[in-house]
Amino acid sequence: MVTIRRFNMSDARAVAYLFVACFAEAPWFERFDVSEMEAEFVEMARGHNSVIMVADADGQVVGCSAGFPMVEKADVMELIEGGAAQAFYLAELFVNSQYRRQGIARKLVNARGERAVELGYTEAVVRTSEDQTIIRKLYAGLGFQIVATQDVESLKFIDGIEVMVPDRRVILKGSL
Ligand SMILES: CC(C)(COP(=O)(O)OP(=O)(O)OC[C@H]1O[C@@H](n2cnc3c(N)ncnc32)[C@H](O)[C@@H]1OP(=O)(O)O)[C@@H](O)C(=O)NCCC(=O)NCCS
């Protein structure tokens, strides 16, 4: 059975492994170091008003959503007209490929949103790739709208080859 619960520091390694696996997939094709990601999740968990939820399948971490105050994501905040300084930033969402299409991401999004509301946030911002249509649809369905775009160059590992690829990011804002 899959349950959604708050992240514990002892989840950090498993969350980092899952993150690395999920973002090696299309459309991201990115390569991250597990230990660096583990340290990032630990740091995030220690942050003021951060929220990390995990999907737990009988003791195995199979999904994660994470977020923190928008002010801590200055590079995204400055792209938004008005700044959205009071918003909550929806930083991460990923689910083990074996557990997809079962509504786990949606539950993780809802649980993170509920916790952010408890912390006093009413609006949220998320950034994704223009090519990540699942996420764009998921948030569009929750009433989020595109408020900015960002053209970046991403280092991708496709078929074992390292390439710099132009990538358009879309930034969406909505109510919690
Ligand atoms: C995106 C991701 C988190 C979705 O996880 P998931 O648990 O399979 O999603 P859910 O089952 O909760 O589905 C959420 C919605 O997306 C839709 N969806 C999920 N996967 C889909 C797919 N492959 N194709 C089309 N729609 C899809 C579902 O139908 C559902 O919509 P509905 O409720 O209207 O039917 C998962 O595919 C993933 O981890 N991808 C890699 C990491 C990533 O890209 N994260 C987002 C970074 S911004």
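Counting convention: from 1, in listed order, for ligands and their atoms alike. All heavy atoms count here, side chains included; hydrogens, waters and symmetry mates do not.
- The protein non-hydrogen atom at the shortest distance from atom 32 (P) of ligand 1 is Arg106 NH2, 3.5 Å.
- Taking all atoms of both residues into account, the shortest heavy-atom contact from Leu108 to Gly63 is CD1-C, 3.7 Å.
- With respect to atom 5 (O) of ligand 1, the closest heavy atom belonging to the protein is Ala105 CB, 3.2 Å.
- Placement of Val2 and Tyr17 in two distinct hydrophobic clusters is found when ILVMFWY residues are connected by side-chain heavy-atom separations under 4.5 Å, directly or transitively.
- Atom CD of Gln145 has 12 or fewer heavy atoms from other residues, nucleotides or ligands within 6.0 Å.
- Nearest to atom 47 (C) of ligand 1 by heavy atom, out of Phe19, Trp28, Phe94, is Trp28.
- Looking at atom 11 (O) of ligand 1, its nearest protein heavy atom turns out to be Gly103 N, 2.8 Å.
- Contact record, Arg5 with Asp56: NE-OD2, 2.9 Å, taken as the closest heavy-atom pair.
- Taken together through direct or relayed side-chain contacts under 4.5 Å among Ile, Leu, Val, Met, Phe, Trp and Tyr, Val125 and Leu142 form parts of separate hydrophobic clusters.
- For CD of Glu43, the number of neighbouring non-hydrogen atoms (other residues, nucleotides, ligands) closer than 6.0 Å is 12 at most.
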- Determine, stepwise, if the pair Val147 / Glu81 fulfils side chain to side chain contact (heavy atoms under 4.5 Å, CB included). CA-CA 8 Å; Val147 290; Glu81 217 181 297; over 6 Å; no

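- Put simply, atom 13 (O) of ligand 1 has no protein non-hydrogen atoms near it, under 4.0 Å away.
- Some N or O of Gln102 is nearer than 3.5 Å to an N or O of ligand 1, by distance alone.
- Checking atom 29 (O) of ligand 1 against the protein gives a heavy-atom contact under 4.0 Å.
- Distance from atom 8 (O) of ligand 1 to its nearest protein heavy atom, with residue and atom name: Arg101 N, 2.8 Å.
- In terms of protein heavy-atom proximity, atom 37 (O) of ligand 1 is closest to Arg100 CD, 3.3 Å.
- For the atom pair CD1 of Ile158 and CD of Glu30, the computed distance is 10.5 Å after rounding to the nearest 0.5 Å.
- Comparing Lys137, Gln132, Arg136, Lys107 against atom 44 (O) of ligand 1, the shortest heavy-atom distance belongs to Gln132.
- Within a 6.0 Å radius of CD in Glu153, other residues, nucleotides and ligands contribute more than 12 heavy atoms.
- Per-residue contacts place Thr128 under 4.0 angstrom from the following atoms of ligand 1 (heavy atoms of the residue considered): 48 (S).
- Closest heavy-atom contact between Gly67 and Phe88: C-CZ, 3.3 Å.
- Closest to atom 1 (C) of ligand 1, if we only count protein heavy atoms, is Ile135 CD1, 3.8 Å.
- At the top of the distance list for atom 45 (N) of ligand 1, counting protein heavy atoms only, stands Leu93 O, 2.7 Å.
- Residue contact check: Leu138 has heavy atoms under 4.0 Å from atoms 14 (C) of ligand 1.
- Heavy-atom proximity to atom 39 (O) of ligand 1, evaluated over Val109, Leu18, Leu108, Val95, is greatest for Val95.
- For atom 17 (C) of ligand 1, the closest non-hydrogen atom of the protein is Ile134 CG2, 4.0 Å.
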